[in-house]
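Structure, as structure tokens:
Lettering of chains follows the sequences in order, A, B, ..., and the numbering in each one begins at 1. No experiment lies behind these values; they were computed from the predicted model shown.
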Amino acid sequence: MEIFGTWVAAFLTLGIISFLYRDNPWYKVCESIFVGISAGYWFVTLFFDNILGLFWAGITREDPNYMLLVGAVLGVMMLLRLVPSIGWISRWPLSFVVGATAGFYLINYFSSNVMLQVSSTLLPLLSPGFGQPLFSSSLYDVVGNIIVAAGTFTGLVYFFFSKEHKGAFGHAAKIGIWTIMITFGASFGYTVMSRMSLLIGRMEFIFGNWLGMIR
Amino acid sequence: MSSIGLIISFFIIVAGLLWLLIQSIRGQEADRRVIFLFMAIAVSVPLLFNISFSEKATLIVEDVYRKIENLPAGSKILLSYDYGPSMSPEVEPMSNAFLRHALVKGHKVYIMCLWATGQSLAATAVDSVIKREFPEKVYGIDYVNLGYKAGGTGVLNVILTDFRKMYLADVVGTNLDSMPMFQGIKSLKDMDLLISIGGGYPGVKEWILFASAPGNIPLAGGCAAVSAPLLYPYYPRQMIGLLGGIKGAAEYESELKKNHPQRFANMPVPGIKMMGPQTMAHLVVLAFIVIGNISYFISKRKGQ
Amino acid sequence: MTVTRKSKPFLTPIILVLVFLVFLSASLFAQETASGISVAPPANVVASDFNYDRGEQAEVRWKLSSDDNGSAGVIGYEIFRAGVGSEDFVSVGLALPGESYFLDKDVQKGVGYVYKVAALYSGGQSFSDVSNAVIPELEMINWNLLNLFIIGLLIAASVIYFISHAKKGRKLFIRKIAGLEAIDEAIGRATEMGRPILFIPGINDMDDVQTIAGITILGRVARMVADYDIKINMPVSRSIVMTTARETIKEAYAGAGRPDAYNDDMVRYVTDEQFGYVAAVDGIMVREKPATCFYLGAFFAESLILAETGNSIGAIQIAGTAQPAQLPFFVAACDYTLIGEELFAASAYLSNEPKQLGSLKGQDIGKSLAMIIIIIGVISATISRAWGGSFFIWLSEFVNKISTIQN
Amino acid sequence: MKRQVPLLITFTVGAVLILSTFFPPVETMGEDFSLYFDIIAVFAFFLGGGNLIRVNSDAIAKKKKGWGFSMVTMAGFFIMLAAGLLKLWNPGGIRGDVAGTGSMFQLLYDWIFNPLGATMYALLAFYVASASYRAFRAKNRDATILLVAAFIILLGRTPLGVYATSWIPESFSILQIPNLAIWIMSSPNLAGQRAIMIGIALGVVSMSLRLILGVERTYLGVDSE
């Protein structure tokens, strides 16, 4: 039984990899299987987790949370889209979702991204220790702190919308985009290794579990 | 088997790269499928012929190796397993390498963990590494497993001043005072080196802030690659060194093999083995960047 | 809206009685532990309501036991709680030597509690006197978040000001955003080649503001496409995104006076699974060979798979996301990339309505505020660390305080 | 009626959620609203699932190109639905846990769903290589900086990087590739990430305000009046 499973998995794995050569029926079969199976998987998971686990359990437990009915009513309104005459009612749950998302994200992103990131950039440039002699911290830290503070500052300058990137402002923006380019290049190079280990894992499956060629 | 494989695969890849170089000199762009083929070869060949490269240790890893190597025999090293099974494949090679190095140098190893899941991983390490490869080591004299204690940074706070306040006995319940290796050990301050392995919370950062810094005890770290950049700023002043991901473990393993060839002749080296296909793939990507730029400059010059 | 200090007239007599009782029992209790090498108990235990919560937390503070000097006796503290007037104290938590604060998280609003703290030593426990009674209350306003409120208000006010101010039709300078300028060219190319436009709104649902940003840009793009006779092909991975996208495109076509050109099949649901969706989109790309691909929304590891497949069919690719980890892949593989903030500015930028452009100016005010705080903070920290000077120390602490959130 | 009510809902819900963080009694309103969203999403799935079935059955009925593959998708969808909802081969029977070991649902997951997902993910290794070949070209100054940063980090991850610059004396050890890589990751990379994150947060604030105030309403399909 297990052997059959490995062969099915190997067939699908090679089918997906064949797409690298070019689009072919083998890939199309794998693609359609994946779409069908995954759509079914998600509906089953959503059904057991959200409908039974969250909604039904929430209503039928001792102190039932009737507010969940609000969600159900909005959900039904969403389904009314299928009825052309009153299809416009589906805009109500939609505007509820957009309003909730806007409000929730505004505060969340503001406090976690802006406040936290700004406060952690407020580093002393020269000597980190309190009252230590001026240049006690090694060059490594001093340069590091200066780069972090200056890079963040000029990065923000680059993102300015309402001011022409000219003169001193333009130079600061140029340094800003350089910092951002270093960030993109560095994080691209850094993640290459983790992407490789995914492929190595699949190759180990093909050569090891399936073909048994790896000792 | 692997030496023949090495020659064949090197020949295929080098010949291929040369052909690509000539193509690019003629200004032709390599077709993306050729690049895919090279990647497939670069990853599967080292797997099939288990090719590996001797990794030369970078400074951040070498500092840890030199520290353990130069400590006088019998020094006291504390090893903390602060990770779970999901991170284990990436950090287990380095924790085993630390264990082997400490034991071969005759140091006393004190094992503990701040993660509940670390306890079983530490136990497997004791069985698979210490008991099997170092049968001559005696529990309670050469190594001890204190097991898991809940409380995270609270635990560090206590053992910084007094071990016995938090650990009255080891993981199997034997009283600390009955073990020779605990004579004269009052707190973390009596340790010669702390090593924390794991990238989550509590992890290396908490060991720095709550143990190594306040107690002024040298600390080395080991973590998953993804959390290494967050720990780099602590090197070198608050952390003597750090092993990041499989690459860090591979570098440490190759140092061990290089400096203790007889003792570790057939030591398992999962790090180096995993780094084989990784290094080959990285070299191929680097080669493509170089070739890409060559063909760009040539086509630009031809364009003018 | 000032908060009147909560007056508790009826409590004072009870506390007096309690203190007397406690005094009596404490002295009895103290003799009992005289036998062991007891340590001095912690002193003046004070219980207070945790400020600005829903009344489910209470704080306990005490003066360290005189024997707690890190060397000998005290190996920790144990905190006990009992209802007001009852004597059965229950242990609710432990604290480490040197700690003099404990936050009791499971108390009920409106119920009175008293606490006492015991210094633990190897021989036993040395109990303190019983604390004052405390009734955790619900506070209406969380004053800890005052700085968040003020700075947030400042930025929101600047955005709203520039939105309303812009209505008077004053032209506002906004710098060029390459990715958005390229949209016309990209659509023109699609019409020339007579091939469809592929629009991917990311793989998150409408409960992610990046997806909403993608849909608003879709509205503008669909409006431009409606004037020409080219198809929008939009496979989506979420059902709500499907319905919203259909609504947006239908309105855009109606707005352009060609309601008949729209049909529901432009937007179709594929699967909620990240990689199942990507496999299907790859298939669509290679088979229908769209001339232009838009990737605007929340993307994760699959960003590079889409961008590289799109590149292999020679399409112009305009990407935009606010996932910092995916930006390097889009920048490397796509022709144009909207970096983080530019994704959110896109719909305002494309609308060219003064009101919308005003909000971008408001954003810049937020950035200048952040930049000013960084300058002041860094300079004051540097000077105060290097040469001291009480003003700089105060300034550095003040700037740090207003930009960190205590909760 | 069709336009005012939705905008009013967005405004009230958005404003209430923003203010709720400052008043402890209603502090956790954000989490409750996300519960409602999960329920709405499940109801909406019938629209999505329905569309999937309609599109594919339409393709089959009209024998459109590739209708055979639509059959495969439909089969996969219904088999998985049956396996999950009816809990076929499930040791615990209809009461058992849906993903109980040995159940058909779990088998389909292990044999089909997992390998397909893992392999799609693994394609990234190939695409990273082709993107590196194509994108890291010294076309202009920005692209050159991108190239140099990626090259140093990539080199730092291989033994080659160590050997190449091991000759640099100890005092300038920062210039050795591996140390340079570590320094790039801990300073400039950190600065760039911060600038982008602050920018994103301010973009979210401005976008959310535009949505709540009804300035941006294309999502409703109601273009400007």
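- If you measure heavy-atom distances from A:V97 to chain D, the contacts under 4.5 Å come from the side chain alone.
- Shown here is D:M71, whose CE atom has no more than 12 heavy atoms of other residues, nucleotides or ligands within 6.0 Å.
- Here the CG-CE distance, from D:L154 to A:M193, works out to 9.5 Å after rounding to the nearest 0.5 Å.
- When the shell of 6.0 Å around CZ of D:F11 is examined, it contains 12 or fewer heavy atoms from other residues, nucleotides or ligands.
- Only the side chain of D:L190 comes within less than 4.5 Å of a heavy atom of chain A; its backbone N, CA, C and O stay farther away.
- Your options are A:L68, A:V8, A:T191, A:V157, and the one with the most heavy-atom pairs under 4.5 Å with chain D is A:L68.
- Summarising the geometry, atom CG belonging to D:L123 is positioned 10.5 Å from atom CZ belonging to A:R202; distances are rounded to the nearest 0.5 Å.
- Within the 4.5 angstrom heavy-atom criterion, only side-chain atoms of D:F136, from C-beta onward, approach chain A.
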Query - Steps toward side-chain contact (heavy atoms from CB on, under 4.5 Å) verdict (D:R194, A:F153) - result: CA-CA 9 Å; D:R194 280 217 179 114; A:F153 184 82; over 6 Å; no
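- Counting heavy atoms from C-beta on, the side chains of D:T119 and A:F205 never come closer than 4.5 Å.
- Interface residue A:F159: only side-chain heavy atoms are found under 4.5 Å from chain D.
- For D:I153, the part sitting under 4.5 Å from any heavy atom of chain A is the side chain, from C-beta outward, and nothing else.
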Query raised in the report: Yes or no on side-chain contact (heavy atoms from CB on, under 4.5 Å) for D:I196 and A:F184, after CA distance, side-chain angles and deciding distance?
Result: CA-CA 11 Å; D:I196 293 172; A:F184 287 160; 3.6 Å; yes
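- Annotation: maximal heavy-atom pairing with chain D below 4.5 Å, among A:G189, A:A186, A:S194, A:G58, occurs at A:A186.
- Side chains of D:V204 and A:F110 form no contact here, defined as non-hydrogen atoms less than 4.5 Å apart.
- Ring pair D:F37/A:F96: centre-to-centre distance not below 6.0 Å.
- The minimum heavy-atom distance between D:I212 and A:A102, with the atom names listed, is CG1-CB, 3.8 Å.
- Between D:I184 and A:Y190, every side-chain heavy-atom pair lies at or beyond the 4.5 Å cut-off.
- For D:F105, the part lying under 4.5 angstrom from a heavy atom of chain A is the side chain only.
- Considering every non-hydrogen atom in both D:S187 and A:G144, the closest pair reads OG-CA, 3.5 Å.
- With a threshold of 4.5 angstrom between heavy atoms, D:L209 approaches chain A through its backbone and through its side chain.
- For the pair A:T179 (side chain) and D:G192 (backbone), a donor-acceptor distance under 3.5 Å is absent.
- Using a 4.5 Å cut-off on side-chain heavy atoms (C-beta onward), A:I182 and D:N189 make no contact.
- At least one side-chain heavy atom of D:F43 sits less than 4.5 Å from a side-chain heavy atom of A:V76.
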Requested in this report: May I have the step-by-step check of side-chain contact (heavy atoms from CB on, under 4.5 Å) for D:F69 and A:V29, ending in yes or no?
Outcome: CA-CA 6 Å; D:F69 299 111; A:V29 165; 3.6 Å; yes
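- Proximity to chain D (any heavy atom under 4.5 Å) is restricted, for A:I177, to the side chain, taken from C-beta onward.
- Side-chain contact between D:M120 and A:F34 is present, with heavy atoms from C-beta onward closer than 4.5 Å.
- Only the side chain of D:Y127 comes within contact range of chain A, judged by heavy atoms closer than 4.5 Å.
- Using the six-membered ring where Trp is involved, A:F43 and D:F45 have ring planes that are tilted, between 30° and 60° apart.
- Heavy-atom pairs under 4.5 Å with chain D were tallied for A:S95, A:G40, A:A72, A:G75; the largest tally goes to A:S95.
- Remark: D:N51 pairs with C:M242, C:R246, C:R268, C:Y269, D:R54, D:V55 by the side-chain contact (heavy atoms from CB on, under 4.5 Å) rule, at least two apart or across chains.
- In this structure, the side chains of D:R141 and A:W178 come closer than 4.5 Å at one or more pairs of heavy atoms.
- Applying the side-chain hydrogen bond (donor to acceptor under 3.5 Å, both in side chains) rule to pairs touching residues 143-152 of chain D yields nothing, sequence neighbours excluded.
- The local environment of OH in A:Y21 is sparse, with at most 12 non-hydrogen atoms from other residues, nucleotides or ligands closer than 6.0 Å.
- Using a 4.5 Å cut-off between heavy atoms, A:F19 contacts chain D through its side chain alone, with no backbone atom that close.
- For a residue to count as touching a neighbouring chain, one of its non-hydrogen atoms must lie under 4.5 Å from one of that chain's; by this rule A:M77 does not touch chain D.
- Minimum heavy-atom separation, D:I39 to A:G71: CG2-C, 3.8 Å.
- Side chains of D:F126 and A:R195 form no contact here, defined as non-hydrogen atoms less than 4.5 Å apart.
- The greatest number of non-hydrogen atom pairs below 4.5 Å with chain D, out of A:L156, A:V118, A:I89, is found for A:L156.
- Looking at A:F188, only its side chain comes within 4.5 Å of chain D, counting heavy atoms on both sides.
- Only the side chain of A:L54 comes within contact range of chain D, with heavy atoms under 4.5 Å apart.
- With a threshold of 4.5 angstrom between heavy atoms, A:M78 approaches chain D through its backbone and through its side chain.
- Of the listed residues (A:I37, A:I180, A:V148), the greatest number of heavy-atom pairs within a distance under 4.5 Å of chain D belongs to A:I37.
- Taking both residues in full, the closest heavy atoms of A:M196 and D:V128 are given as CE-CG1, 4.5 Å, listed atom of the first, atom of the second, then distance.
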Query raised in the report: Can A:V35 and D:L52 be said to form a side-chain contact (heavy atoms from CB on, under 4.5 Å), step by step?
Result: CA-CA 10 Å; A:V35 168; D:L52 183 72; 4.2 Å; yes
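- Taking each heavy atom of D:L146 and A:M181 in turn, the nearest pair found is CD1-O, 3.5 Å.
- Residue A:G99 comes nearest to D:V13 through the heavy atom pair C-CG1, 3.8 Å, listed as atom of the first residue, atom of the second, then distance.
- Of the listed residues (A:G155, A:A39, A:G151), the one with the most heavy-atom contacts under 4.5 Å to chain D is A:A39.
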